[in-house]
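Inspection log for the structure reproduced underneath, given as structure tokens.
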Amino acid sequence: MDHAAEAQRTDLMTITRHVLNEQGRHPESRGDFTILLSHIVLGCKFVASAVNKAGLAKLIGLAGDTNVQASNPISPRLPALLYSTGEEQKKLDVLSNEVFVKALVSSGRTCVLVSEENEEAIFVDAPLRGKYCVCFDPLDGSSNIDCGVSIGTIFGIYMIKDKDNVTLDDVLQPGTDMLAAGYCMYGSSCTLVLSTGNGVNGFTLDPSLGEFILTHPNIKIPNRGKIYSVNEGNAKNWDAPTAKFVEKCKFPQDGSPSKSLRYIGSMVADVHRTLLYGGIFLYPADQKSPNGKLRVLYEVFPMSFLMEQAGGQAFTGKQRALELVPRKIHDRSPIFLGSYDDVEDIKALYASESIIG
């Protein structure tokens with residue numbers, strides 16, 4: 001199907017209109033959630049523009065390079081972090097973090113932010129405080145920028161009980177309490193995948209309109225896929241269930257075809273492919289990283305939320321991923337997520353190991 005037919009089929013449903021439709025399902029809503037999401041979308045547009053200019057503007061170069069652009073064409077609502085005359089250019093991950101922090105604070109709907117780039121949680125000043133907590137990785141996979149591999153932003157949204165007395169404990173909620181999650185992938189196209197707890201939808205940025213248009217409505221992951229995604233460079237340090245699972249992917253004993261290995265090393269890109277085509281994404285614990293490497297609040301939880309909303313599963317090796325309760329804002333966890341039946345296979349291997357043990 002060509003782009004024109006696709007646009008006609010989805011009736012040019014913009015992400016703003018989609019979110020407003022979702023808001024309409026909740027008569028008690030005052031629009032706060034819609035405003036918050038619009039600021040997240042704004043941040044994604046800004047970072048998409050910066051990523052596209054990265055090579056030309058030397059944004060990933062050494063500190064000290066200065067920017068000769070004079071104005072901010074993205075939005076007057078965000079400070080001219082990228083475009084100020086004479087301002088030192090920032091590396092993209094630092095820039096992206098500042099963009100999202102400022103966009104979220106200026107929304108007036110957040111009270112606490114957790115970013116991969118900040119060691120401590122950010123508590124919003126009282127005059128701008130709202131009732132939501134946003135946990136985010138502003139630029140996941142940023143080490144891949146130089147070689148043009150897809151990178152992205154990941155985010156998860158929670159509600160805080162008392163915005164005027166918020167503490168760090170209010171942030172450390174299980175993933176089952178998450179209200180919404182999504183990611184924005186910056187690559188050959190800019191794609192934003194979002195769930196507000198009512199299925200998963202994908203939107204693609206139309207540069208000519210400056211709008212995210214619904215291109216992947218109601219995404220459902222296949223029950224089983226043909227692809228597995230894992231860093232096999234860590235194989236010598238894997239536990240037995242992971243090693244057995246990957247061996248089964250390569251050399252199935254039931255006569256089924258072998259699975260194909262596809263590993264990009266950018267979580268957003270690997271999970272996006274898994275979501276659309278099916279299969280499984282693995283980042284297990286190993287001898288070097290016994291607690292896994294991916295962070296619970298802004299990597300494991302949002303991606304697990306999306307997978308479950310699309311009909312898949314997410315498992316830590318011990319339990320359903322969304323039932324984890326983090327103890328610190330940067331806690332890590334192993335993760336196996338993807339097609340329902342593929343995750344069932346890895347769960348069975350861990351259950352068998354537990355029985356034998």
Side-chain angles (χ1 to χ4, degrees), residues 1-25 34 37-38 40-45 47-48 51-52 136 140-141 149-157 178-227 229 262 264 266-281 299 301-314 337-340 342-343:
M1 182 178 291
D2 61 28
H3 290 299
E6 181 69 12
Q8 185 177 10
R9 186 176 73 83
T10 56
D11 193 27
L12 283 180
M13 173 72 79
T14 66
I15 193 166
T16 303
R17 186 171 143 206
H18 170 79
V19 171
L20 286 170
N21 287 350
E22 289 294 299
Q23 177 186 320
R25 297 171 53 244
T34 302
L37 282 173
S38 72
I40 291 174
V41 169
L42 176 62
C44 291
K45 289 178 183 178
V47 174
V51 168
N52 287 338
F136 61 99
D140 180 76
V149 170
S150 294
I151 53 181
T153 299
I154 310 172
F155 61 90
I157 302 172
M178 192 173 279
L179 297 180
Y183 59 81
C184 190
M185 184 174 70
Y186 315 109
S188 57
S189 60
C190 179
T191 303
L192 196 155
V193 175
L194 173 70
S195 175
T196 57
N198 186 37
V200 181
N201 292 281
F203 304 82
T204 302
L205 182 62
D206 184 333
S208 64
L209 298 175
E211 286 280 5
F212 280 99
I213 306 298
L214 180 64
T215 51
H216 297 77
N218 196 26
I219 296 171
K220 294 294 182 186
I221 186 170
N223 284 336
R224 189 176 288 282
K226 301 177 181 178
I227 296 171
S229 184
R262 297 286 185 272
I264 298 167
S266 173
M267 188 187 190
V268 169
D270 279 314
V271 170
H272 185 66
R273 183 200 57 249
T274 303
L275 190 64
L276 295 183
Y277 299 158
I280 187 167
F281 170 84
E299 291 175 325
F301 278 172
M303 294 309 200
S304 299
F305 185 89
L306 290 167
M307 279 296 170
E308 288 198 3
Q309 285 291 318
Q313 288 195 82
L337 52 78
S339 294
Y340 193 95
D342 288 324
V343 177

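Residue indices begin at 1 and follow the sequence shown.
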So how far is it from [X] [atom1] to [Y] [atom2], rounded to the nearest 0.5 Å?
X	Y	atom1	atom2	answer
Leu205	Thr191	CG	OG1	9.0 Å
Leu306	Phe301	CG	CZ	13.5 Å
Asn21	Thr16	CG	OG1	11.0 Å
His216	Leu276	NE2	CG	5.5 Å
His18	Phe212	NE2	CZ	13.5 Å
Ile219	His272	CD1	NE2	7.0 Å

Measure the shortest side-chain to side-chain distance between [X] and [Y] over non-hydrogen atoms and say whether it is less than 4.5 angstrom.
X	Y	value
Tyr340	Ile221	no
Leu37	Ile157	yes
Arg17	Leu12	no
Asn201	Met13	no
Thr274	Ile227	no
Leu275	Tyr183	yes
Ile154	Met303	yes

Taking it one step at a time, do Phe155 and Leu194 satisfy side-chain contact (heavy atoms from CB on, under 4.5 Å)?
CA-CA 9 Å; Phe155 61 90; Leu194 173 70; 4.1 Å; yes

Locate the shortest heavy-atom distance separating [X] from [Y]; write the atom from each residue and the value.
X	Y	answer
Gln309	Asn198	OE1-N, 3.4 Å
Pro222	Ser339	O-OG, 2.7 Å
Asp342	Gly279	OD2-CA, 3.5 Å
Pro302	Gly156	CG-N, 4.0 Å
Ala180	Thr196	CB-CA, 3.9 Å
Leu179	Phe305	O-CZ, 3.9 Å

Just do the side chain to side chain donor-acceptor pair (under 3.5 Å) check on Asp206 and Ser208 with the steps written out, would you?
CA-CA 5 Å; Asp206 184 333; Ser208 64; 2.5 Å; yes

[X] side chain vs [Y] backbone, donor-acceptor pair below 3.5 Å:
X	Y	value
Lys220	Gly311	no
Arg273	Ile264	no
Ser195	Gly199	yes

With a 3.5 Å cut-off and no angle check, do the side chains of Thr14 and Glu211 form a donor-acceptor pair?
no

